Trainee: 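To start, I am sharing the structure in question, which I have written as structure tokens.
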Amino acid sequence: RIMYLLWPLLFLHVSAQRLTLFDDRLKQPKQEGRVRLVGDLPSSGRVEVYHDGQWGTVCDDGWELAEAQVVCRQLGFPGAISVMAGGQYGEGSGPIWLDDMNCKGSESSLSECSFKGWGVTDCSHKEDAGVVCETGKNITSNRQFSVDNSLGLSHDLGILFDSGDSCDFRINVQDTSEEEELTFCVHKMILMFYPELNITNDSRNLTVNVSQTCHPHVSAFLRYLYTRQIDVSITSAQCLHQLAFIFGVKKLMEDVGRTFTLLLPEDNTFLTQVSMYEYGVRTGDLVLQENVLQYLSWNCEYLISSPVWSTISFHMMDALLQRSDLIVNDEAFLLEALETWIQDKGEEISSDQQASLLNHIRFLLIPVDKLYETQFSSSVLRQNHEKLYLTGLLRGFQFNALPFSKIRNQMDNMSSEYLSRIYTGDEWSVIINDTTVNYPYYHYGQNNRIQTFSTPAHPSALYREQKVQWKAQVFLSAQECSNYGMSCTSFPVARFYGYGNQERYTSTIRYSNRLILSCKYENNVFHVQDFKNSMAVIPNNSSMDLPNPCPDDYSFRFVVRPEYI
């Protein structure tokens with residue numbers, strides 16, 4: 001039936017009045033609170049905000065990276081690179097609308113931040129603030145993934161869209177930061193296949209607000225409405241998801257969300273991932289939020305060491321700290337990172353929010369020597385929440401000093417506090433880097449894909465001197481498996497098992513060990529899995545949660561994770 005309805009469109013004559021991209025740009029009323037950048041490039045310049053019928057500037061008092069992040073994201077960029085103060089992009093004219101800005105970094109628009117009041121300032125235009133926004137140039141590549149939900153006739157319908165022949169419906173794409181808009185002429189019959197748009201026979205036009213950064217992707221999106229085919233890259237994913245959300249094209253939203261998961265490893269700055277998480281929060285896309293959080297959890301150490309760490313929002317920090325799949329050196333490292341983040345945020349984070357985040361720190365699992373040092377800390381968290389901090393330390397010392405039989409009854413009350421995250425300190429993990437050389441015969445002493453090491457039976461100080469021996473192996477061929485009396489059907493495959501004293505602790509301790517795959521020379525963990533019967537068969541690229549961005553040069557990290565039963 002759909003094909004029957006579409007065929008007449010393909011045979012209509014060319015309309016003499018058809019509109020194409022950039023034709024008939026129309027003046028539209030400006031919107032309160034819009035921002036724009038005045039400069040030579042669209043991604044950098046003097047910040048101006050629209051209020052009370054005219055554009056005005058922003059004073060650089062209190063102008064920091066959090067404020068810049070809000071501006072850049074409001075304009076559709078992934079984030080901010082730097083702030084520019086002192087009129088470096090020239091002096092503006094007219095009113096100075098905003099002064100003493102204080103943003104949290106998670107606001108959707110600059111006018112939502114705290115400031116003195118509209119037009120209340122003691123600044124001159126020599127102090128006009130500016131920003132440099134991230135444009136995606138640091139993305140390691142811009143691979144594309146194809147989305148194909150075509151019904152047939154896609155090629156012909158694509159030609160119809162490109163030509164605009166006999167178009168009868170106008171879509172006005174209004175820029176959220178400029179005075180102009182783009183106009184597209186499309187076919188009403190096509191839009192009527194998307195009931196969320198509420199297009200009727202009497203409808204003649206539709207106006208949507210889309211940030212300037214997404215304008216290059218609007219044409220491809222509208223073409224998708226005809227062909228049900230589109231290529232998605234990391235630079236277009238957020239814009240296409242936003243357009244699908246605006247137009248109510250749920251299938252494309254889902255497809256772009258899944259595709260973005262495949263694209264997550266492409267941006268090693270973390271700007272895109274953080275921006276996409278915040279966008280997922282705004283649109284209520286729980287799947288997108290979870291996919292981004294999983295990736296950031298796996299790459300938590302790299303995230304902490306990046307400039308983006310100090311800019312993430314409270315709700316993102318709260319979500320991360322509740323996860324057990326965080327990959328970090330140890331819990332003390334995570335506590336230190338939280339304290340740094342709180343110091344950088346300053347008064348943006350309330351006392352109650354600080355306490356909430358501190359409750360997510362698993363003091364019980366901080367190594368006992370570091371736990372001892374932590375009690376002498378003079379950190380902001382210790383000063384602001386001494387009782388809560390000392391309670392965490394006390395519980396940590398109890399956990400390290402008391403036998404399991406004494407604390408067993410309290411385990412349920414402690415919820416996730418005693419559950420290990422994925423701690424990669426040298427005491428608990430080993431790396432195998434050799435993934436290319438094939439060992440056809442049994443050469444144990446020469447095989448770099450076999451490692452043995454020992455760990456304490458459990459993180460508690462009671463088990464510190466009670467060691468468990470571990471053997472980690474990676475096999476690349478059936479012959480290698482056969483050398484060890486095993487039959488393997490898929491490669492590579494990893495084997496990880498304990499021996500010696502491990503059996504002594506099976507009634508009290510279980511080991512939920514993990515295998516981590518990461519690129520050797522890039523900050524990128526792309527796969528984490530557990531072991532079943534001491535074995536972990538590495539899935540192929542098409543079945544991994546994330547694609548392998550370094551298929552010929554990655555490492556295996558074996559992590560021991562003891563837990564009380």
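For reference, positions follow the sequence shown, starting with 1. Note that the structure is a prediction, hence the values are computed from the model and not measured.
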Trainee: Which atoms form the tightest heavy-atom contact between L335 and T374, and what is the distance?
Mentor: CD2-CG2, 3.9 Å

Trainee: Just wondering, do L517 and F526 contact through their side chains at under 4.5 Å, heavy atoms?
Mentor: yes

Trainee: Between L357 and D318, is any pair of side-chain heavy atoms under 4.5 Å apart?
Mentor: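 Counting from C-beta outward, L357 and D318 do come under 4.5 Å.
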
Trainee: Quick check: does any side chain N or O of T391 sit under 3.5 Å from a backbone N or O of K387, one acting as donor and the other as acceptor?
Mentor: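 Such a contact is found between T391 side chain and K387 backbone.
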
Trainee: Determine the minimum heavy-atom distance between R382 and Y389, stating which atoms define it.
Mentor: CD-CD2, 3.4 Å

Trainee: State whether R323 and E290 are salt-bridged, where the test is any N-O pair (Lys NZ or Arg NE/NH1/NH2 against Asp/Glu carboxylate O) under 4.0 Å.
Mentor: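 Here R323 pairs with E290 in a salt bridge, since their nearest N and O are under 4.0 Å apart.
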
Trainee: Specify the closest pair of heavy atoms between H217 and L243, including all atoms of both residues, with the distance to one decimal.
Mentor: O-CD1, 4.0 Å

Trainee: Please report the C-alpha distance between W470 and Y511 in whole Å, then the side-chain angles of each, then the deciding distance to 0.1 Å, and finally whether the ring pair (Phe, Tyr, Trp, His ring centres under 6.0 Å) criterion is met.
Mentor: CA-CA 12 Å; W470 298 95; Y511 295 93; 5.2 Å; yes

Trainee: Would K104 and E67 pass as an ion pair if we require N to O under 4.0 Å?
Mentor: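 Salt bridge: no.
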
Trainee: Between Y423 and E331, is any side-chain donor less than 3.5 angstrom from a side-chain acceptor?
Mentor: yes

Trainee: Does D325 pair with R421 as a salt bridge, N-O distance under 4.0 Å?
Mentor: no

Trainee: At what distance, to the nearest 0.5 angstrom, does CG of L321 lie from CG of L334?
Mentor: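 With rounding to 0.5 Å, CG (L321) is 5.5 Å from CG (L334).
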
Trainee: Any carboxylate oxygen within less than 4.0 angstrom of a Lys/Arg side-chain nitrogen, looking at R73 and E278?
Mentor: no

Trainee: With side chains defined as the heavy atoms from C-beta onward, is the minimum distance between I516 and I327 less than 4.5 Å?
Mentor: yes

Trainee: Testing the basics here: between S555 and N433, what is the closest heavy-atom pair and its distance to 0.1 Å?
Mentor: CB-OD1, 2.9 Å

Trainee: Is the count of non-hydrogen atoms from other residues, nucleotides or ligands lying under 6.0 Å from Q529 atom CD greater than 12?
Mentor: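 Atom CD in Q529 is crowded, with more than 12 foreign heavy atoms closer than 6.0 Å.
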
Trainee: Could you tell me the separation between the CG atom of L419 and the CG atom of L365, rounded to the nearest 0.5 Å?
Mentor: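 Between atom CG of L419 and atom CG of L365 there are 8.0 Å.
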
Trainee: State plainly whether the residues E563 and R510 are in salt-bridge range, i.e. N to O under 4.0 Å.
Mentor: yes

